[in-house]
Amino acid sequence: MSREATQAGEGDCGTDECEVTTGRRTFLRDGLMAVAALTAIAGAAAPLHALAREYATGRAGAAGMVSYGIPAGDGATIDRTNKVILVRYQGMVHAFDLECPHKGTAVQWQPEQNRFYCPKHKSTFKAEGTRIQGKSPRSLDRYAVRIEGGKVVVDTGTVIDAEANAAGWSAAGVRVG
Ligand code: FES
């Protein structure tokens, strides 16, 4: 079943199940924010300002389809709820798993360098997901994407590993410009 990623609040589900899920998400999000604040206080090198410049929220749930508006320009949107990064770069749109392929740390978008950065072990990746350097054993994992009804539809049910499925990884993108 397709679920739309929207800017809507998290409390609009109207079911007990959603409330439980939302509470857990809120707890995790608050925890991550506290860790980020402590990291900043400690003067860590991680460029916190380089975290995603735009956030889209959606409803967590079983793996499936998530849809987004077609990005108007180059850049990255990070949907932490669904662990999806949507990138438009040089006329192509790709969707990545938010987790670094090395140990699963959430990667950060560095818009000034058009690249992704993993703060855990400092791996870097090009905007289209290709590994540049660092401990990550491979490029960012992609999801299959397609354009449908004027939206980018991301299939989060299948993670495409660049090493295990090089052809599938290369094909996981859509031209939008
Ligand atoms: S978790 Fe990303 S490089 Fe180790």
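Predicted model only: the values in this text are computed from it and were never measured. Atoms within each ligand, like the ligands themselves, are counted from 1 in listed order.
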Judged by atom type as modelled, is there a donor-acceptor pair below 3.5 Å linking the side chain of His94 to the main-chain atoms of Ala172?
yes
Using atom types as modelled and distance alone, determine if a side-chain donor or acceptor of Thr156 lies under 3.5 Å from a backbone N or O of Gly64.
yes
Under 4.0 Å between a Lys/Arg side-chain N and an Asp/Glu carboxylate O for Glu148 and Arg146?
yes
What lies under 2.8 Å from atom 4 (Fe) of ligand 1, restricted to protein N/O/S atoms, is His102 ND1, His121 ND1
Kindly say whether Phe125 contributes a backbone atom to a donor-acceptor pair with the side chain of Arg115 at under 3.5 angstrom?
no
Say whether, by atom type as modelled, one donor and one acceptor occur between the side chain of Arg142 and the main chain of Glu128 under 3.5 angstrom.
yes
Using a 3.5 Å distance criterion without hydrogens, assess whether the side chain of Gln133 forms a donor-acceptor pair with backbone atoms of Lys122.
yes
